[in-house]
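Just so it is clear, the model here is predicted, and its values are computed rather than measured. The basis for the numbers below is simple: all heavy atoms, side chains too, and nothing from hydrogens, waters or symmetry mates.
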Amino acid sequence: MAYEKERQTAIAAVTAAAKLCETVRCKKSQPLTKADTSPVTVADFGAQAIICQALGGNFPDDPIIGEEDSAMLQQSDRQEVFSGVVGLVQDILPHATPDDILHWIDRGNGKIAPRYWTLDPIDGTKGFIRGDQYAIALALVENGALKLGILGCPALPVDPADGNSPKGVLFLAVQGEGTQMLSLRDRTAQPANVNGTNDPQTLRLITSVEARHSDRNKQEALMTALGMTSPPYGWTPKPNMPPSPEEKPISIAAFPQRIAKISEKIFGIMQPERSC
């Protein structure tokens, strides 16, 4: 298989980071505020350290573009926070020193190159803080093209239709090989596919729960143009939008050519006229 070493390294690193993140969430640690007023947690720093250590050890020449750096943790009034990060990382990498951890976090300050990794240790920090969904997002880029991507979703049920389903999922995609969904618990894998429906009544748009992250008016225009009637996942529908029956399965967009043409008109962008 292509990118086998990268694949196995990414799976192991994201799995370890997911374990760290869930440990933090169980402890209900208080978030910090960055200079841009966005929230950050000890899990962000710890997950970035864990993943950058794994990538740096296996691919020392690859730059990593991460979300965090260690400057905040080195401030005199943040030493208790830094001690918390050190303890979390040492639970997974017992021989790590505080200096090692600072170095690994700052390993994520790389620049774009012909080949590089890009990392968001917690994509959806607000969701993480409130006990909702979040993802650990990692990707490998070569010559401007995405070659491998992995999402760690520790709070996502393996089977969304089963309320008793264990939680913890990895989504792994390698260019030319499709996408797999793996259980974080036992690595059981199954293919993840785009459905082939042509009935817009079975489709539901998935949106961000953060209203400022998207244009709701344009999303509604897209739904109307496609004939989608079920309310989107991620935001409260308007009063005139009918509720979707609980038993209706989640379906993600099909008929890509039609979507591409409508999206270009509504959003002013050209979408590729092909499926995943």
Side-chain angles (χ1 to χ4, degrees), residues 120 122-137 139 146 149-173 178-184 188-276:
D120 190 342
I122 295 185
D123 186 2
T125 302
K126 291 181 181 178
F128 174 81
I129 292 168
R130 65 175 173 256
D132 208 338
Q133 297 296 331
Y134 68 99
I136 300 160
L146 183 63
I150 183 167
L151 285 177
C153 306
L156 193 67
V158 174
D159 182 0
D162 180 1
N164 297 317
S165 175
K167 293 182 178 180
V169 172
L170 289 174
F171 292 96
L172 173 69
T179 302
Q180 285 187 316
M181 185 179 78
L182 298 85
S183 166
L184 269 172
T188 302
Q190 57 181 303
N193 301 311
V194 175
N195 67 59
T197 183
N198 286 314
D199 180 7
Q201 300 294 319
T202 67
L203 299 178
R204 297 191 72 176
L205 187 67
I206 299 175
T207 67
S208 174
V209 297
E210 299 291 336
R212 64 188 180 87
H213 290 175
S214 56
D215 188 323
R216 298 287 163 82
N217 291 329
K218 288 183 177 179
Q219 289 171 350
E220 287 188 359
L222 176 63
M223 291 171 57
T224 299
L226 291 173
M228 299 167 66
T229 58
S230 296
Y233 276 98
W235 57 280
T236 303
K238 290 183 176 180
N240 62 342
M241 294 190 71
S244 180
E246 287 295 323
E247 68 274 10
K248 177 178 278 190
I250 301 173
S251 298
I252 303 175
F255 39 93
Q257 292 186 1
R258 185 179 175 195
I259 289 176
K261 293 175 182 178
I262 294 173
S263 296
E264 183 183 6
K265 291 180 181 179
I266 295 174
F267 294 96
I269 58 174
M270 173 60 79
Q271 301 285 348
E273 294 194 1
R274 60 181 177 83
S275 58
C276 295

Exercise. In Å, rounded to the nearest 0.5 Å, how long is the span from CG of Leu170 to CG of Leu184?
Worked result: 4.0 Å
Exercise. Taking all atoms of both residues into account, what is the closest heavy-atom pair of Val158 and Gly168, and its distance?
Worked result: CG2-O, 3.7 Å
Exercise. To the nearest 0.5 Å, what is the distance between CG (Leu222) and CG (Asn217)?
Worked result: 12.5 Å
Seminar exercise, completed: Of all heavy-atom pairs linking Met228 and Leu205, the shortest is CE-N, 3.5 Å
Problem set entry | From CG (Leu182) to CD (Gln190), nearest 0.5 Å | 9.0 Å
Seminar exercise, completed: Nearest heavy-atom approach of Pro154 to Tyr134 is CG-OH, 3.2 Å
Exercise. Which heavy atom of Ala173 sits nearest a heavy atom of Thr179, and at what distance?
Worked result: CB-OG1, 3.5 Å
For this session: Any chance you could measure Ile136, atom CD1, to Asp123, atom CG, to the nearest 0.5 Å?
Result: 10.5 Å
Problem set entry | Pairwise distance CG(Leu151) to CE(Met181) - rounded to 0.5 angstrom | 12.5 Å
Seminar exercise, completed: Closest non-hydrogen contact found for Gln133 with Leu156 is OE1-N, 3.4 Å
For this session: Starting at CD of Gln219, measure out to OG1 of Thr224 and round the result to the nearest 0.5 Å.
Result: 11.5 Å
For this session: Taking all heavy atoms of Ala135 and all of Cys153, pick out the closest pair and write down the distance.
Result: CB-SG, 4.2 Å
